[in-house]
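Read through the structure below, which is laid out as structure tokens, and then see the notes.
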Number of protein chains: 2
Amino acid sequence: MSVGPNIAIIAGLVGDPARAGMLSALMAGRALTASELAQVAGVTVQTASSHLSKLSDGGLIVARKQGRHRYFTLSGDDVAQVLEGLMGLAERTLAKPVRTGPKDPGLRKARICYDHLAGEMGVGLFSACVERGFIKDGAEDLELTKKGRDFFTDYGLDMAALQNARRPVCRPCLDWSARRTHLAGGLGAAILTHFTDRKWAWRVPDTRVIEFSPKGLKEYRALCPA
Amino acid sequence: MSVGPNIAIIAGLVGDPARAGMLSALMAGRALTASELAQVAGVTVQTASSHLSKLSDGGLIVARKQGRHRYFTLSGDDVAQVLEGLMGLAERTLAKPVRTGPKDPGLRKARICYDHLAGEMGVGLFSACVERGFIKDGAEDLELTKKGRDFFTDYGLDMAALQNARRPVCRPCLDWSARRTHLAGGLGAAILTHFTDRKWAWRVPDTRVIEFSPKGLKEYRALCPA
DNA sequence: GACATGCTTCGATCGTACTCGAACTATTCA
DNA sequence: TGAATAGTTCGAGTACGATCGAAGCATGTC
């Protein structure tokens, strides 16, 4: 077997509070600089630098250099997915100590998960896409139907670009708060971008919470009649 | 936010090689005693005892006392799912160091994941169920169709019991080797049990590999014509 | 009752790695 | 060129936890 040690290495990387904080912050999908990450983790930049090297060596994050800044992001949505899973376990098993703050309900309702919508509204979006026949669970995980492609093209998304990208267009992501699937992948990201570009929705600063304008809510309901 | 510390606690539990080994062993779904787990982890029973307390306190495993033995199992398939996810990351990010041993191909082909079939054959089973219309991706994750219920009742499974159980009948589980979904949940477990009860398939001792008899292979093909 | 087995608790040892201050490199701006 | 900002490297201090020997409880067996 000996698969144990390998997962221990990865889990160990996530197992430090400072690094876990950084990864959580990166779940928001935005690229962050080393100093920003140091701040969210509550450590000095020297310490952060060391952690970031480790995360990078471990392949969980990737760095992009831009001028005198280094921007970090998660290395993929598979990382985000595991982090969501860990949050789900923490929620279930640690039970009591969580259950905090006023921000929690907002998080459950709508939040960003790497680069797509999660929480109740994310789950609702996924359900709607399936019910309206835009997405179908084929052999290969999720499949975009012709109907779905046509609909989202009309909707204003650049579907050709999505389908040419290396990233899967549709991908399921298990929601830690709702315990159900929400829509990840290129399409999930594109839909959220569509909303934020039009100021129908935005991120509450320093949180993963997503807020919708009245117009945005209406647009969401048009998309997800359920 | 402060969700960071919580996931760090859980990840930290998995982040120790001895504990990771124990959890991996428990992925096989069988209940194991404290001494057995000590052996697979390569530590003394005292050390193992300490680790098992921590895992238990953290809610990742549950203990059942039976005579002078204590049997441990994972506390649920959500734990198994996160472990699979971590294996996937280890596979992708650590790349080189893995890729070992002769057992690996067997593992990729067919292995047990907690209590259901995983690997290529597990993914194949899931595809077949979807293609044959037994399972449908409804709003609530996966849904057993009437057709599926009828089919598996004829097949000899106690579907009423499955549907009365608290555990979801169908549940997707992301496969670390095939990177696609395989079938978990009560139905996934029941199908595997159906095979092992009839000696159509069995576990290779001390591994997670599942081997099929010629008869078992034939039965599998009948179920998954693809 | 005496003994063996399975497991836990206690205590001491030992490493590992998290941490930060200080010094160093690289980029930008004036 | 010099000053400011972003980030890394180095070294030392520290603490936490993994480990095992020894002793202590249970449970089962003779």
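For the pair A:S50 (side chain) and A:Q46 (backbone), a donor-acceptor distance under 3.5 Å is absent. Using modelled atom types, no side-chain atom of B:R19 and backbone atom of B:G15 make a donor-acceptor pair closer than 3.5 Å. Using a distance-only test at 3.5 Å, with no hydrogens or angles considered, a donor-acceptor pair links the side chain of A:S75 to the main chain of A:G59.
Looking at A:L74 and A:M27, their side chains come closer than 4.5 Å, going by heavy atoms from C-beta outward. Using a 4.5 Å heavy-atom cutoff, the side chains of B:K54 and B:L60 are not in contact.
Taking atom NE2 of B:H69 as the reference point, atom P of C:dA4 lies 17 Å away to the nearest angstrom. Spacing between atom CZ of A:R70 and atom P of D:dT9 amounts to 9 Å, rounded to whole angstrom units. At whole-Å resolution of the value, CG in B:L37 and P in C:dT8 are 11 Å apart. Here the C1' atom of nucleotide D:dA6 and the CZ atom of A:R64 are 16 Å apart, to the nearest Å.
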Checklist outcome for this item: Once base and sugar-phosphate atoms are separated, protein heavy atoms under 4.0 Å mark nucleotides 17-30 of chain C, 5' to 3', with B, S and - as -SSBBB----BS--

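Counting non-hydrogen atoms under 4.0 angstrom, A:S53 reaches nothing in the nucleic acid.
Within 6.0 Å of CD on B:Q39 lie no more than 12 heavy atoms contributed by other residues, nucleotides or ligands.
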